[in-house]
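Quick notes on the structure that follows.
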Number of protein chains: 2
Amino acid sequence: MSSKSTKESIIDAADQLFYQQGYEKTSFADIAQAVGITRGNFYHHFKTKDDILASVINLRLENTADMLEQWQEDSQSPSERIECFIKILIMNRAKIRLYGCPVGTLTTELGKLEHPQLNNANQVFLLFSDWLEQQFLALGHTQNARELARHLLARSQGVATLASAFHDEAFLYQEVDTLTEWLAQYH
Amino acid sequence: MSSKSTKESIIDAADQLFYQQGYEKTSFADIAQAVGITRGNFYHHFKTKDDILASVINLRLENTADMLEQWQEDSQSPSERIECFIKILIMNRAKIRLYGCPVGTLTTELGKLEHPQLNNANQVFLLFSDWLEQQFLALGHTQNARELARHLLARSQGVATLASAFHDEAFLYQEVDTLTEWLAQYH
DNA sequence: AATATCTTAGGACAACTGTCCTAGAGGGTT
DNA sequence: AACCCTCTAGGACAGTTGTCCTAAGATATT
(Lines give C-alpha, C1' and ligand atoms only; values in the text may rest on other atoms or scores of the structure.)
Protein backbone atom coordinates (compact mmCIF):
# COMPACT_ATOMS: atom_id res chain seq x y z
CA MET A 1 0.00 0.00 0.00
CA SER A 2 1.67 3.22 -1.16
CA SER A 3 1.51 6.57 0.64
CA LYS A 4 -0.90 8.04 -1.84
CA SER A 5 -3.26 5.16 -1.39
CA THR A 6 -3.31 5.58 2.39
CA LYS A 7 -3.92 9.30 2.03
CA GLU A 8 -6.77 8.61 -0.37
CA SER A 9 -8.19 6.05 2.03
CA ILE A 10 -8.21 8.66 4.76
CA ILE A 11 -10.01 11.16 2.53
CA ASP A 12 -12.57 8.58 1.44
CA ALA A 13 -13.27 7.48 5.01
CA ALA A 14 -13.51 11.08 6.21
CA ASP A 15 -15.84 11.88 3.32
CA GLN A 16 -18.27 9.19 4.38
CA LEU A 17 -18.00 9.89 8.10
CA PHE A 18 -18.48 13.64 7.69
CA TYR A 19 -21.61 12.85 5.72
CA GLN A 20 -22.98 10.23 8.08
CA GLN A 21 -22.03 11.70 11.47
CA GLY A 22 -21.24 15.32 10.72
CA TYR A 23 -17.86 17.07 10.78
CA GLU A 24 -17.83 18.06 14.44
CA LYS A 25 -18.80 14.62 15.71
CA THR A 26 -16.24 12.79 13.58
CA SER A 27 -12.90 12.45 15.40
CA PHE A 28 -9.43 11.46 14.27
CA ALA A 29 -9.98 8.22 16.15
CA ASP A 30 -13.11 7.49 14.09
CA ILE A 31 -11.31 8.03 10.80
CA ALA A 32 -8.24 6.10 11.92
CA GLN A 33 -10.37 3.14 12.92
CA ALA A 34 -12.25 3.21 9.62
CA VAL A 35 -9.01 3.22 7.64
CA GLY A 36 -7.22 0.78 9.93
CA ILE A 37 -4.29 2.94 11.00
CA THR A 38 -3.25 4.38 14.34
CA ARG A 39 -4.12 7.89 15.45
CA GLY A 40 -0.51 9.00 15.77
CA ASN A 41 0.28 8.12 12.19
CA PHE A 42 -2.20 10.76 11.07
CA TYR A 43 0.05 13.75 11.38
CA HIS A 44 2.27 12.50 8.57
CA HIS A 45 -0.56 12.85 6.04
CA PHE A 46 -2.57 15.76 7.42
CA LYS A 47 -1.45 18.48 9.78
CA THR A 48 -4.90 19.41 11.09
CA LYS A 49 -8.51 18.29 10.94
CA ASP A 50 -9.22 21.28 8.74
CA ASP A 51 -6.70 19.92 6.23
CA ILE A 52 -8.71 16.72 5.96
CA LEU A 53 -11.91 18.71 5.50
CA ALA A 54 -10.28 20.74 2.73
CA SER A 55 -9.24 17.56 0.95
CA VAL A 56 -12.70 16.06 1.34
CA ILE A 57 -14.29 19.15 -0.16
CA ASN A 58 -11.83 19.14 -3.05
CA LEU A 59 -12.69 15.51 -3.70
CA ARG A 60 -16.38 16.36 -3.74
CA LEU A 61 -15.74 19.26 -6.08
CA GLU A 62 -13.94 16.97 -8.50
CA ASN A 63 -16.59 14.27 -8.33
CA THR A 64 -19.37 16.81 -8.83
CA ALA A 65 -17.64 18.42 -11.80
CA ASP A 66 -17.13 14.98 -13.34
CA MET A 67 -20.76 14.07 -12.82
CA LEU A 68 -22.01 17.29 -14.40
CA GLU A 69 -19.68 16.78 -17.35
CA GLN A 70 -21.03 13.26 -17.75
CA TRP A 71 -24.61 14.52 -17.75
CA GLN A 72 -23.63 17.13 -20.28
CA GLU A 73 -22.32 14.46 -22.65
CA ASP A 74 -24.90 11.75 -22.07
CA SER A 75 -28.03 13.84 -22.50
CA GLN A 76 -29.23 15.39 -25.75
CA SER A 77 -31.37 18.26 -24.47
CA PRO A 78 -31.14 20.77 -21.60
CA SER A 79 -34.40 19.53 -20.11
CA GLU A 80 -33.09 15.97 -20.12
CA ARG A 81 -30.04 17.21 -18.27
CA ILE A 82 -32.10 19.00 -15.67
CA GLU A 83 -34.04 15.79 -15.20
CA CYS A 84 -30.74 14.08 -14.43
CA PHE A 85 -30.30 16.53 -11.59
CA ILE A 86 -33.80 15.93 -10.27
CA LYS A 87 -33.34 12.18 -10.39
CA ILE A 88 -30.31 12.08 -8.09
CA LEU A 89 -32.90 12.42 -5.33
CA ILE A 90 -34.13 8.99 -6.40
CA MET A 91 -30.70 7.55 -7.10
CA ASN A 92 -29.44 8.46 -3.63
CA ARG A 93 -32.73 7.95 -1.82
CA ALA A 94 -31.41 5.41 0.66
CA LYS A 95 -28.64 7.66 1.94
CA ILE A 96 -30.74 10.83 1.73
CA ARG A 97 -33.37 9.15 3.87
CA LEU A 98 -30.71 8.56 6.52
CA TYR A 99 -28.35 11.53 6.28
CA GLY A 100 -29.95 14.17 4.06
CA CYS A 101 -28.11 15.88 1.24
CA PRO A 102 -24.32 15.77 1.65
CA VAL A 103 -23.90 19.27 0.21
CA GLY A 104 -26.64 20.99 2.15
CA THR A 105 -25.94 19.37 5.50
CA LEU A 106 -22.21 20.13 5.34
CA THR A 107 -22.65 23.80 4.42
CA THR A 108 -25.26 24.15 7.14
CA GLU A 109 -22.93 22.68 9.75
CA LEU A 110 -19.91 24.69 8.63
CA GLY A 111 -22.04 27.83 8.63
CA LYS A 112 -22.93 27.31 12.28
CA LEU A 113 -19.30 26.60 13.16
CA GLU A 114 -18.21 29.72 11.26
CA HIS A 115 -15.66 27.41 9.70
CA PRO A 116 -13.12 28.92 7.27
CA GLN A 117 -13.83 26.11 4.79
CA LEU A 118 -17.47 27.20 4.41
CA ASN A 119 -16.77 29.11 1.21
CA ASN A 120 -15.10 26.09 -0.33
CA ALA A 121 -18.03 23.89 0.61
CA ASN A 122 -20.37 26.40 -1.01
CA GLN A 123 -18.48 25.97 -4.27
CA VAL A 124 -20.18 22.60 -4.65
CA PHE A 125 -23.53 24.38 -4.52
CA LEU A 126 -22.22 26.88 -7.04
CA LEU A 127 -21.17 24.11 -9.44
CA PHE A 128 -24.74 22.85 -9.49
CA SER A 129 -26.19 26.34 -9.62
CA ASP A 130 -24.06 27.47 -12.55
CA TRP A 131 -24.60 24.24 -14.46
CA LEU A 132 -28.37 24.41 -13.98
CA GLU A 133 -28.32 28.06 -14.99
CA GLN A 134 -26.60 27.08 -18.23
CA GLN A 135 -29.34 24.56 -18.97
CA PHE A 136 -32.14 27.06 -18.37
CA LEU A 137 -30.29 29.55 -20.57
CA ALA A 138 -30.13 26.92 -23.29
CA LEU A 139 -33.87 26.50 -22.91
CA GLY A 140 -34.23 30.19 -23.76
CA HIS A 141 -34.91 31.60 -20.30
CA THR A 142 -32.42 34.41 -20.59
CA GLN A 143 -34.10 36.69 -18.06
CA ASN A 144 -34.42 34.36 -15.11
CA ALA A 145 -32.08 31.42 -15.70
CA ARG A 146 -30.19 31.91 -12.46
CA GLU A 147 -33.42 32.44 -10.56
CA LEU A 148 -34.79 29.16 -11.91
CA ALA A 149 -31.54 27.35 -11.11
CA ARG A 150 -31.52 28.51 -7.50
CA HIS A 151 -35.21 27.75 -7.17
CA LEU A 152 -34.67 24.16 -8.30
CA LEU A 153 -31.65 23.83 -6.03
CA ALA A 154 -33.72 25.01 -3.07
CA ARG A 155 -36.57 22.66 -3.92
CA SER A 156 -34.25 19.66 -3.97
CA GLN A 157 -32.72 20.74 -0.67
CA GLY A 158 -36.11 20.98 0.96
CA VAL A 159 -37.13 17.57 -0.32
CA ALA A 160 -33.93 16.02 1.07
CA THR A 161 -34.41 17.70 4.45
CA LEU A 162 -37.97 16.49 4.92
CA ALA A 163 -37.33 13.03 3.51
CA SER A 164 -34.53 12.70 6.04
CA ALA A 165 -36.50 14.09 8.98
CA PHE A 166 -39.46 11.76 8.37
CA HIS A 167 -37.36 8.90 6.95
CA ASP A 168 -39.91 8.93 4.16
CA GLU A 169 -38.94 7.73 0.69
CA ALA A 170 -42.50 7.94 -0.62
CA PHE A 171 -42.47 11.70 -0.09
CA LEU A 172 -39.25 11.80 -2.09
CA TYR A 173 -40.81 10.05 -5.09
CA GLN A 174 -43.88 12.25 -4.89
CA GLU A 175 -41.87 15.47 -4.87
CA VAL A 176 -39.72 14.30 -7.75
CA ASP A 177 -42.94 13.95 -9.78
CA THR A 178 -43.98 17.45 -8.74
CA LEU A 179 -40.58 18.79 -9.78
CA THR A 180 -40.77 17.04 -13.15
CA GLU A 181 -44.18 18.62 -13.76
CA TRP A 182 -42.78 21.98 -12.73
CA LEU A 183 -39.92 21.56 -15.19
CA ALA A 184 -42.30 20.73 -18.05
CA GLN A 185 -43.66 24.27 -18.06
CA TYR A 186 -40.21 25.61 -18.92
CA HIS A 187 -39.49 23.37 -21.93
CA MET B 1 -33.33 34.93 41.19
CA SER B 2 -35.35 31.84 42.02
CA SER B 3 -34.45 28.30 41.02
CA LYS B 4 -37.05 28.18 38.33
CA SER B 5 -35.70 31.31 36.79
CA THR B 6 -32.16 29.89 36.63
CA LYS B 7 -33.43 26.71 35.07
CA GLU B 8 -35.34 28.72 32.50
CA SER B 9 -32.25 30.79 31.81
CA ILE B 10 -30.31 27.63 31.12
CA ILE B 11 -32.96 26.38 28.72
CA ASP B 12 -33.13 29.73 26.94
CA ALA B 13 -29.36 29.96 26.57
CA ALA B 14 -29.14 26.35 25.39
CA ASP B 15 -31.95 27.01 22.92
CA GLN B 16 -30.02 29.84 21.31
CA LEU B 17 -26.65 28.09 21.37
CA PHE B 18 -28.00 24.85 19.92
CA TYR B 19 -29.45 26.95 17.12
CA GLN B 20 -26.38 29.08 16.49
CA GLN B 21 -23.58 26.53 17.03
CA GLY B 22 -25.33 23.19 16.82
CA TYR B 23 -25.99 20.69 19.59
CA GLU B 24 -22.73 18.74 19.34
CA LYS B 25 -20.54 21.84 19.36
CA THR B 26 -22.27 23.44 22.33
CA SER B 27 -20.71 22.40 25.64
CA PHE B 28 -21.81 22.74 29.24
CA ALA B 29 -19.10 25.36 29.58
CA ASP B 30 -20.64 27.40 26.76
CA ILE B 31 -24.09 27.35 28.34
CA ALA B 32 -22.75 28.05 31.83
CA GLN B 33 -20.84 31.05 30.56
CA ALA B 34 -23.88 32.39 28.72
CA VAL B 35 -26.04 32.09 31.84
CA GLY B 36 -23.33 33.27 34.22
CA ILE B 37 -23.11 30.23 36.49
CA THR B 38 -20.35 27.71 37.10
CA ARG B 39 -20.16 24.38 35.34
CA GLY B 40 -20.40 22.36 38.52
CA ASN B 41 -23.68 23.92 39.49
CA PHE B 42 -25.27 22.42 36.42
CA TYR B 43 -25.95 19.01 37.80
CA HIS B 44 -28.49 20.39 40.24
CA HIS B 45 -30.78 21.45 37.38
CA PHE B 46 -30.05 18.89 34.67
CA LYS B 47 -28.58 15.42 35.04
CA THR B 48 -27.31 15.10 31.45
CA LYS B 49 -26.88 17.09 28.27
CA ASP B 50 -29.73 15.10 26.78
CA ASP B 51 -31.96 16.41 29.56
CA ILE B 52 -31.22 19.94 28.48
CA LEU B 53 -31.95 19.07 24.88
CA ALA B 54 -35.27 17.51 25.88
CA SER B 55 -36.22 20.69 27.74
CA VAL B 56 -35.18 22.86 24.80
CA ILE B 57 -37.32 20.81 22.42
CA ASN B 58 -40.27 20.98 24.80
CA LEU B 59 -39.88 24.75 24.95
CA ARG B 60 -39.85 24.93 21.17
CA LEU B 61 -42.93 22.71 20.99
CA GLU B 62 -44.79 25.02 23.37
CA ASN B 63 -43.71 28.16 21.54
CA THR B 64 -44.66 26.68 18.18
CA ALA B 65 -48.06 25.55 19.42
CA ASP B 66 -48.68 29.03 20.84
CA MET B 67 -47.67 30.68 17.59
CA LEU B 68 -49.96 28.46 15.52
CA GLU B 69 -52.81 29.12 17.91
CA GLN B 70 -52.18 32.85 17.58
CA TRP B 71 -52.24 32.62 13.79
CA GLN B 72 -55.44 30.65 14.00
CA GLU B 73 -57.11 33.43 16.03
CA ASP B 74 -55.65 36.45 14.27
CA SER B 75 -56.37 35.44 10.69
CA GLN B 76 -59.81 35.21 9.12
CA SER B 77 -59.18 32.75 6.28
CA PRO B 78 -57.11 29.61 5.81
CA SER B 79 -55.09 31.19 3.01
CA GLU B 80 -54.26 34.15 5.25
CA ARG B 81 -53.03 31.69 7.85
CA ILE B 82 -50.86 29.87 5.36
CA GLU B 83 -49.41 33.22 4.38
CA CYS B 84 -48.46 33.73 8.03
CA PHE B 85 -46.41 30.57 7.76
CA ILE B 86 -44.72 31.68 4.57
CA LYS B 87 -43.89 35.05 6.04
CA ILE B 88 -41.88 33.71 8.97
CA LEU B 89 -39.13 33.34 6.38
CA ILE B 90 -39.16 37.13 6.13
CA MET B 91 -39.70 37.74 9.84
CA ASN B 92 -36.69 35.63 10.80
CA ARG B 93 -34.59 36.46 7.75
CA ALA B 94 -31.61 37.80 9.72
CA LYS B 95 -31.19 34.63 11.77
CA ILE B 96 -32.08 32.31 8.89
CA ARG B 97 -29.37 33.96 6.81
CA LEU B 98 -26.86 33.08 9.53
CA TYR B 99 -28.05 29.79 10.99
CA GLY B 100 -30.76 28.38 8.72
CA CYS B 101 -34.08 27.08 10.04
CA PRO B 102 -33.94 26.07 13.72
CA VAL B 103 -36.27 23.12 13.17
CA GLY B 104 -34.64 21.72 10.06
CA THR B 105 -31.05 22.11 11.18
CA LEU B 106 -31.68 20.47 14.56
CA THR B 107 -33.50 17.46 13.14
CA THR B 108 -30.77 17.07 10.53
CA GLU B 109 -28.06 17.10 13.18
CA LEU B 110 -29.89 14.75 15.54
CA GLY B 111 -30.55 12.42 12.62
CA LYS B 112 -26.84 12.11 11.91
CA LEU B 113 -26.09 11.60 15.60
CA GLU B 114 -28.82 8.94 15.79
CA HIS B 115 -29.91 10.82 18.90
CA PRO B 116 -32.83 9.43 20.91
CA GLN B 117 -34.42 12.90 21.00
CA LEU B 118 -34.79 12.96 17.20
CA ASN B 119 -38.41 11.87 17.35
CA ASN B 120 -39.24 14.65 19.76
CA ALA B 121 -37.53 17.20 17.55
CA ASN B 122 -39.57 15.94 14.61
CA GLN B 123 -42.72 16.72 16.56
CA VAL B 124 -42.09 20.41 15.84
CA PHE B 125 -42.19 19.59 12.13
CA LEU B 126 -45.37 17.62 12.71
CA LEU B 127 -47.02 20.56 14.48
CA PHE B 128 -46.47 22.69 11.39
CA SER B 129 -47.42 19.87 9.04
CA ASP B 130 -50.68 19.06 10.79
CA TRP B 131 -51.64 22.71 11.15
CA LEU B 132 -50.96 23.43 7.46
CA GLU B 133 -52.89 20.29 6.52
CA GLN B 134 -55.87 21.65 8.46
CA GLN B 135 -55.70 24.90 6.52
CA PHE B 136 -55.59 23.16 3.14
CA LEU B 137 -58.49 20.99 4.25
CA ALA B 138 -60.43 24.12 5.13
CA LEU B 139 -59.69 25.38 1.62
CA GLY B 140 -61.44 22.29 0.27
CA HIS B 141 -58.45 20.21 -0.76
CA THR B 142 -59.65 17.04 0.88
CA GLN B 143 -57.71 14.69 -1.40
CA ASN B 144 -54.21 16.12 -1.05
CA ALA B 145 -54.20 18.38 2.00
CA ARG B 146 -51.32 16.54 3.67
CA GLU B 147 -49.40 16.37 0.43
CA LEU B 148 -49.73 20.15 0.01
CA ALA B 149 -48.72 20.75 3.62
CA ARG B 150 -45.55 18.67 3.32
CA HIS B 151 -44.77 20.27 -0.02
CA LEU B 152 -44.94 23.75 1.48
CA LEU B 153 -42.89 22.65 4.46
CA ALA B 154 -40.21 21.28 2.15
CA ARG B 155 -40.19 24.44 0.06
CA SER B 156 -39.61 26.63 3.10
CA GLN B 157 -36.84 24.31 4.28
CA GLY B 158 -35.08 24.54 0.95
CA VAL B 159 -35.34 28.32 0.92
CA ALA B 160 -33.84 28.53 4.39
CA THR B 161 -31.00 26.17 3.49
CA LEU B 162 -29.96 28.11 0.40
CA ALA B 163 -30.45 31.54 1.94
CA SER B 164 -28.14 30.41 4.74
CA ALA B 165 -25.52 28.85 2.45
CA PHE B 166 -25.29 31.93 0.24
CA HIS B 167 -26.05 34.41 3.04
CA ASP B 168 -28.56 35.82 0.60
CA GLU B 169 -31.67 37.63 1.85
CA ALA B 170 -32.71 38.73 -1.64
CA PHE B 171 -33.21 35.09 -2.62
CA LEU B 172 -35.37 34.71 0.44
CA TYR B 173 -37.70 37.56 -0.56
CA GLN B 174 -37.87 36.28 -4.12
CA GLU B 175 -38.82 32.77 -3.07
CA VAL B 176 -41.45 34.06 -0.68
CA ASP B 177 -43.07 35.79 -3.67
CA THR B 178 -42.92 32.55 -5.64
CA LEU B 179 -44.51 30.69 -2.74
CA THR B 180 -47.28 33.27 -2.43
CA GLU B 181 -48.06 32.88 -6.13
CA TRP B 182 -48.05 29.13 -5.71
CA LEU B 183 -50.50 29.43 -2.84
CA ALA B 184 -52.85 31.63 -4.91
CA GLN B 185 -53.71 28.71 -7.18
CA TYR B 186 -55.15 26.79 -4.22
CA HIS B 187 -57.51 29.46 -2.90
C1' DA C 1 25.25 -4.15 0.59
C1' DA C 2 24.75 0.49 2.21
C1' DT C 3 22.30 4.65 2.31
C1' DA C 4 18.44 7.78 2.06
C1' DT C 5 13.60 8.60 2.03
C1' DC C 6 9.07 7.53 3.11
C1' DT C 7 5.73 5.52 6.21
C1' DT C 8 4.30 3.65 10.39
C1' DA C 9 3.26 2.62 15.53
C1' DG C 10 3.12 4.19 19.95
C1' DG C 11 2.71 7.34 23.08
C1' DA C 12 3.09 12.12 25.23
C1' DC C 13 0.87 16.53 25.77
C1' DA C 14 -2.36 20.08 27.49
C1' DA C 15 -6.94 21.19 26.98
C1' DC C 16 -11.52 20.02 27.13
C1' DT C 17 -15.61 16.87 27.54
C1' DG C 18 -19.86 15.26 30.38
C1' DT C 19 -20.64 13.80 34.85
C1' DC C 20 -20.67 13.81 39.72
C1' DC C 21 -19.53 14.93 44.76
C1' DT C 22 -19.01 17.83 48.72
C1' DA C 23 -19.14 21.80 51.53
C1' DG C 24 -21.29 25.76 52.46
C1' DA C 25 -24.23 30.03 51.56
C1' DG C 26 -28.92 31.84 51.52
C1' DG C 27 -33.57 32.33 52.85
C1' DG C 28 -37.77 30.75 55.04
C1' DT C 29 -40.29 28.11 58.75
C1' DT C 30 -40.75 26.57 63.21
C1' DA D 1 -32.46 30.26 68.06
C1' DA D 2 -32.35 26.02 65.59
C1' DC D 3 -33.67 23.68 61.60
C1' DC D 4 -34.61 22.52 56.84
C1' DC D 5 -34.49 22.91 52.08
C1' DT D 6 -32.90 25.01 47.85
C1' DC D 7 -29.23 26.70 45.39
C1' DT D 8 -24.43 27.58 44.47
C1' DA D 9 -19.17 27.39 43.85
C1' DG D 10 -15.34 24.74 43.33
C1' DG D 11 -13.20 21.05 42.10
C1' DA D 12 -12.45 15.94 41.21
C1' DC D 13 -12.95 12.24 37.93
C1' DA D 14 -11.98 9.35 33.90
C1' DG D 15 -12.24 9.67 29.22
C1' DT D 16 -11.57 11.99 24.75
C1' DT D 17 -10.08 15.66 21.80
C1' DG D 18 -6.60 17.60 18.23
C1' DT D 19 -1.86 17.97 17.90
C1' DC D 20 2.85 16.67 17.86
C1' DC D 21 7.30 13.99 18.71
C1' DT D 22 10.34 10.11 18.39
C1' DA D 23 12.02 5.78 17.15
C1' DA D 24 11.68 2.00 14.29
C1' DG D 25 10.13 -0.37 10.20
C1' DA D 26 9.55 -0.56 5.09
C1' DT D 27 10.86 0.69 0.57
C1' DA D 28 13.64 2.56 -2.99
C1' DT D 29 18.03 4.26 -4.80
C1' DT D 30 22.67 4.02 -5.15
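Since the model is a prediction, treat every value here as computed from it, not as a measurement. Each chain gets a letter, A, B and so on, in the order its sequence line appears, and its residues count up from 1. Computed from heavy atoms alone, side chains included, the values below leave out hydrogens, waters and symmetry copies.
Nearest to the side chain of B/T6, among D/dT8, C/dT8, C/dG18, sits D/dT8. Across D/dT6, D/dT19, C/dT8, the shortest atom-to-atom separation from the side chain of A/K49 is found for D/dT19. For B/F28, whose side chain is taken as the heavy atoms from C-beta onward, the closest listed nucleotide among D/dA9, D/dC21, C/dG18 is C/dG18.
Considering only side-chain N and O atoms, A/Y43 lies nowhere under 4.0 angstrom from the phosphate OP1 or OP2 of D/dT19. When the side-chain nitrogen and oxygen atoms of A/H45 are compared with OP1 and OP2 of C/dC6, none of them lie within a distance under 4.0 Å.
Residues that satisfy the side chain to side chain contact (heavy atoms under 4.5 Å, CB included) test with B/Q33, not counting sequence neighbours, are absent from this structure. By the side-chain hydrogen bond (donor to acceptor under 3.5 Å, both in side chains) test, B/Q20 pairs with no residue at all, sequence neighbours left out. With sequence neighbours excluded, the residues that form a side-chain hydrogen bond (donor to acceptor under 3.5 Å, both in side chains) with B/H151 are A/E175, B/R155.
Going from atom CG of B/D51 over to atom C1' of C/dC20 covers 14 Å, rounded to whole Å.
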Polar atom pairs (N or O), protein with nucleotides 10-16 of chain C, under 3.5 Å:
| unit_1 | atom_1 | unit_2 | atom_2 | d |
| --- | --- | --- | --- | --- |
| C/dG10 | O6 | A/G40 | O | 3.3 |

Solution key, residues 83-94 of chain A side-chain donor-acceptor pairs under 3.5 Å, sequence neighbours excluded:
| unit_1 | atom_1 | unit_2 | atom_2 | d |
| --- | --- | --- | --- | --- |
| A/R93 | NE | A/Y173 | OH | 3.1 |
| A/R93 | NH1 | A/I90 | O | 2.9 |

Could you walk me through whether B/F136 and B/L183 pass the side-chain contact (heavy atoms from CB on, under 4.5 Å) check?
-> CA-CA 10 Å; B/F136 282 110; B/L183 178 60; 4.1 Å; yes

For B/E147 and A/Q174, run side-chain contact (heavy atoms from CB on, under 4.5 Å): C-alpha distance rounded to whole Å, both residues' side-chain angles, the deciding distance at 0.1 Å, then the answer.
-> CA-CA 9 Å; B/E147 195 178 314; A/Q174 173 191 297; 2.8 Å; yes

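Within 6.0 Å of CD in A/E73 there are more than 12 heavy atoms belonging to other residues, nucleotides or ligands.
Contacts with DNA chain C (heavy atom under 4.0 Å) in residues 111-119 of chain A: none are found.
Defined by atom type and a distance below 3.5 Å, a donor-acceptor pair is missing between the side-chain atoms of B/R146 and B/S129.
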